[in-house]
There are 2 protein chains.
Amino acid sequence: MIIPEDYVRFFDTTLRDGEQSPGATMTSEEKLEVARTLSRLGVDVIEAGFPAASPDDLAAVRSIAETVGQGVPEGRPARLASDGTETHTPPIIAGLARTHERDIEKAYEAVRFARFPRIHTFLATSPVHREHKLRMSREQVVERAVKMVTLARSMCEDIEFSPEDAGRTEPEFLYEVLNAVIEAGASTLNIPDTVGYTLPNEFGALIAGIKKHVVGIERCIISVHCHNDLGLATANTLAGISSGARQVEVTINGIGERAGNSSLEEVAMALVTRKPVFNIQTGIDTTQLTRASRLVSSRTGMVVQPNKAIVGANAFAHESGIHQDGMLKNAETYEIMRPEAVGAAKTLLVLGKHSGRHAFMNRLKELGVGLSDEALLSAFKRFKLLADKKKQITDADLMALASSEAADIPEAYRLEAVSVSAGSGLPTASVRLRGPGDKELVTAAIGTGPVHAIFNAIDQLVEAPAELLEYSINAVTGGIDALGEASVRIRMKSGALRENAQLGNSRSPVFHGHAADTDVLVASTKAYLSALNRLLAVMDAKRPKEETVPLSAGSGV
Amino acid sequence: MIIPEDYVRFFDTTLRDGEQSPGATMTSEEKLEVARTLSRLGVDVIEAGFPAASPDDLAAVRSIAETVGQGVPEGRPARLASDGTETHTPPIIAGLARTHERDIEKAYEAVRFARFPRIHTFLATSPVHREHKLRMSREQVVERAVKMVTLARSMCEDIEFSPEDAGRTEPEFLYEVLNAVIEAGASTLNIPDTVGYTLPNEFGALIAGIKKHVVGIERCIISVHCHNDLGLATANTLAGISSGARQVEVTINGIGERAGNSSLEEVAMALVTRKPVFNIQTGIDTTQLTRASRLVSSRTGMVVQPNKAIVGANAFAHESGIHQDGMLKNAETYEIMRPEAVGAAKTLLVLGKHSGRHAFMNRLKELGVGLSDEALLSAFKRFKLLADKKKQITDADLMALASSEAADIPEAYRLEAVSVSAGSGLPTASVRLRGPGDKELVTAAIGTGPVHAIFNAIDQLVEAPAELLEYSINAVTGGIDALGEASVRIRMKSGALRENAQLGNSRSPVFHGHAADTDVLVASTKAYLSALNRLLAVMDAKRPKEETVPLSAGSGV
């Protein structure tokens, strides 16, 4: 299959760079769910994680490789090959690896189960990184890169290499490194703007320089990976495409380290809306953008602001019943894209009290939610309970319902009952939990408010070294009887952090819990318990020391 | 005073284009608070509103002109004049006006109380707008623009003109219109990318073409006004500056119609971070960016996503206790700006139980919060109550506290008591309100959850044609005893909308209520009541028909 010259590959790194956002940690089950959605959306490459980071990370990448990396899901858009035939293939599954032997082995161990596996390895090339971080000479950098790409290539055909901090690397040295790794077998060269520092014309010139001066570049795909620290990630990515890049590294909602990565939906819609300028085709089914955005926001707990381009609640706000003079006369006066093009049409009221299990499961499948049989059954029971309370069940409600079922964390503590009295009095909560060894635990506590009282009661029952970082509740849909989705972030206390240094992860351990219920207090209780259970699961995982390595700077690609 | 060639003016339109975001409506008191913050931040021009929209809008602009437009606040940064002297002046206060006689008169009526008043008038020039919206010929467009700029100039020295949808206007016609309004007396020419459609190189070329071809342009300031529909607003604004624009129209947090406007903080920090490239000076005190962002987010209810550039919670996340190898060895490896540069250093714990009124008021003043004596006293009482419950009171807590006091809406209904029982039972709420005529109103109601029960009870007591659009709760600061800030958006029901057609505002009436309390249910109750009181205040305002005009498309500049 030959891919046409004007085709830009979408390399999604929501599960790797996106998951590096503080607190955006997902469970393996949630990662798989996101990967399924990405595949249906039509991304070409899914960077599924950093397998060497921990056995859990490796297992999550492997499980994505075995499932999403093997099958072509219903609804995955076909790509046009240059011979005019349509191709349906599963996405490439990539695993990140530093230029260390062990990292590369672990990456391959995880991705090899995919039909199209890729190892993505990186090494910093800029003077500031060579001198202060790596303490390596130019020669040592070239030698290490070549040696590790050669090793990776001996395992796997598809190798991507990233010169970290390329934008601040001396051009002639950058060209030298890139030529060397091409000779060693890399077929995709990814140019990251690691610190989000470059301007579009500079970044375009960087890519044009590489295309012009690197020997052997015509055999390779140039990729761009931009960060949004100055709000320029989309513009830089588009400048890269205009200069010849044919792969873009992006995330859903632009999540990622610091101010995040280039956002998939903005790049995709700029290419569509300005097609006559770019003349680029992609495999992205843009009508699934809104749904993918909501799923990632819900699973990572990273909210999308209303004025976010393409997927924000207000992005098409002149549509929502707002009578505007110009719009009524001619939509073209104020609209450059139709809400339908990104799947942002009004939420359909799909299910009600009398909907059966078949309809329920079908709709979940259409929404791209994958649950085990057991989880489906339990979600269906909750659906029936919800339908008793709420007349119209929307897609958003369904996704919130399924969300609570998707978690695969061991539940050390399970909520049995919570009861609260609050308002203009002394806020009081009583909580009954089922703990380890099937032990029943009951207590009551007061607090400055009902949520404080509930969390105090739980803290009395569950001994976990946690401190609350963030707490929020959002109504899932409009309407006063809406499901409330509670989101909680906790951090392991610093003392506990030292004791758990053997976990080796240099990222501050932040845990996210979310739960939905028509009662916001019940949702809050479940969300807090879920975050605590995650923290306890990590603390209990007594892993042998040699199984983990510290992540140097979480990978700054 | 002569302003140097390399000085870019910041024209902030948070109070006009920003306030056009669905549901971001602010009260006059809140607008004044935002204007004070903008002045301290060092913006050169505050677009305070659209005075012809309603008497309330006019009054709000006038009140800003009379106060912020007259005084130089403590802490407002000085600008360097080209003769080397530092100047301290109050900001220019601008009012928007369509090219209608009445609009221009109303705009002047409001801004004339400022030391430096400006009238900003606009007219669409593109074929699609001329034909479908205006139904005017080219000649008629030029004639109208000249006539209205002449009228405005007869009242006010400082006139800005915007050719709406300039990006889709035939270049030679655009040059003709601009030359004509310069001759008529306009001194700032603002080029809007109304629909957020252009790419940076296109927009830069548009500005360069205007600078090159418009006769008389050397006597004027070229301004740029970019929208973010494709995520390119910041890049387009910077491209405009590189091509010679010396005014940028921006909003705090990038709020505004649809996907919003170019964001002030991104443009300001790009100019600072890449100073050697741009060689531009501004009057912005970047250390106040974070505080301004939080104030606007709280007053408009528009959340800022964690991965928002510059002001998002994660923008400097590698700072927050996260040990990163590279960062520890040399911060420059991963950091292009210091958190201190945008005022994002750790929140100071400023006040506790024993802090007196003086310390409290001083701190509020430093935070830029302006309250009446009465509101201050009431906020202080709430501060003392809070200090009893919560050990450490942070700046964020103070701002949330003051927020509830800043509203100046007539309180038709006041909360006296709310009591709730919820959890694994039948959620029940009892509510006591003080209504019009000092009448006591009491009832109880059940619901699918405690918030639903409270809102049901209130709906029984308050007859208002409202439907709930959005509901959220956020913990203001970390810590389990944090203040919760509830935010509610309601919309007037469509039947009621028709009855209120005489209000003339073609925007769908959405009302925002927010309130903070350690008890999230009390906060929710107050927020909902506050939104209902706003709706009732608008419905009660029986304004004579001739006092209002429909806003055509809310102004698409």
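Atoms considered below: every heavy atom in the structure, side chains included; atoms not considered: hydrogens, waters and symmetry mates. Naming: A, B, ... by sequence-line order, numbering from 1 per chain. Note that the coordinates shown come from a computational prediction; the quantities given were computed from them, not determined experimentally.
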Which one of [options] has the most heavy-atom pairs closer than 4.5 Å to chain B?
options: A/Ser419, A/Ala422, A/Ala235; value: A/Ala422
options: A/Asn228, A/Val303, A/Ile454, A/Leu521; value: A/Val303
options: A/Val267, A/Val304, A/Leu415; value: A/Val304

Among the listed options [options], the residue most often paired with chain A at heavy-atom distances under 4.5 Å:
options: B/Ser487, B/Pro306, B/Ser263, B/Ala239; result: B/Pro306
options: B/Gly196, B/Gly449, B/Gly256, B/Ala259; result: B/Ala259
options: B/Thr525, B/Leu199, B/Val520; result: B/Leu199
options: B/Ile310, B/Val418, B/Asn307; result: B/Asn307
options: B/Ser421, B/Gly260, B/Pro450, B/Gly254; result: B/Pro450

Name the region of [X], side chain, backbone, both or neither, that has any atom closer than 4.5 Å to a heavy atom of chain B.
X: A/Glu265; result: neither
X: A/Val431; result: neither
X: A/Leu238; result: side chain
X: A/Asn253; result: backbone

B/Pro427 vs B/Val420 side-chain heavy atoms within contact, under 4.5 Å: no
Minimum side-chain heavy-atom gap B/Tyr528-B/Asp459 below 4.5 Å: yes
Within 45° cone and under 6.0 Å: A/Arg274 NZ/CZ vs B/Tyr197 ring: yes
B/Glu164/B/Lys133 ion pair, N-O < 4.0 Å: yes
Examine whether an atom of [X] lies under 4.5 Å from a heavy atom of chain A, and if so say whether it belongs to the side chain, the backbone or both; otherwise answer neither.
X: B/Leu232; answer: side chain
X: B/Val522; answer: side chain
X: B/Val277; answer: side chain

Under 3.5 Å side-chain donor-acceptor pair for A/Thr251 and A/Asn261: no
Distance-only polar pair, side chains of B/Thr198 and B/Asp193, donor-acceptor under 3.5 Å: yes
With B/Glu131 via salt bridge (Lys or Arg N to Asp or Glu O under 4.0 Å) - residues at least two apart: none
Side-chain (A/Thr194) to main-chain (A/Asp165) donor-acceptor, under 3.5 angstrom: yes
Candidate pair B/Thr273 and A/Leu230, rule side-chain contact (heavy atoms from CB on, under 4.5 Å), full reasoning: CA-CA 9 Å; B/Thr273 310; A/Leu230 296 175; 3.9 Å; yes
Mutual orientation of the aromatic rings belonging to B/Tyr471 and B/Phe455 [parallel < 30°, tilted 30-60°, perpendicular > 60°]: perpendicular
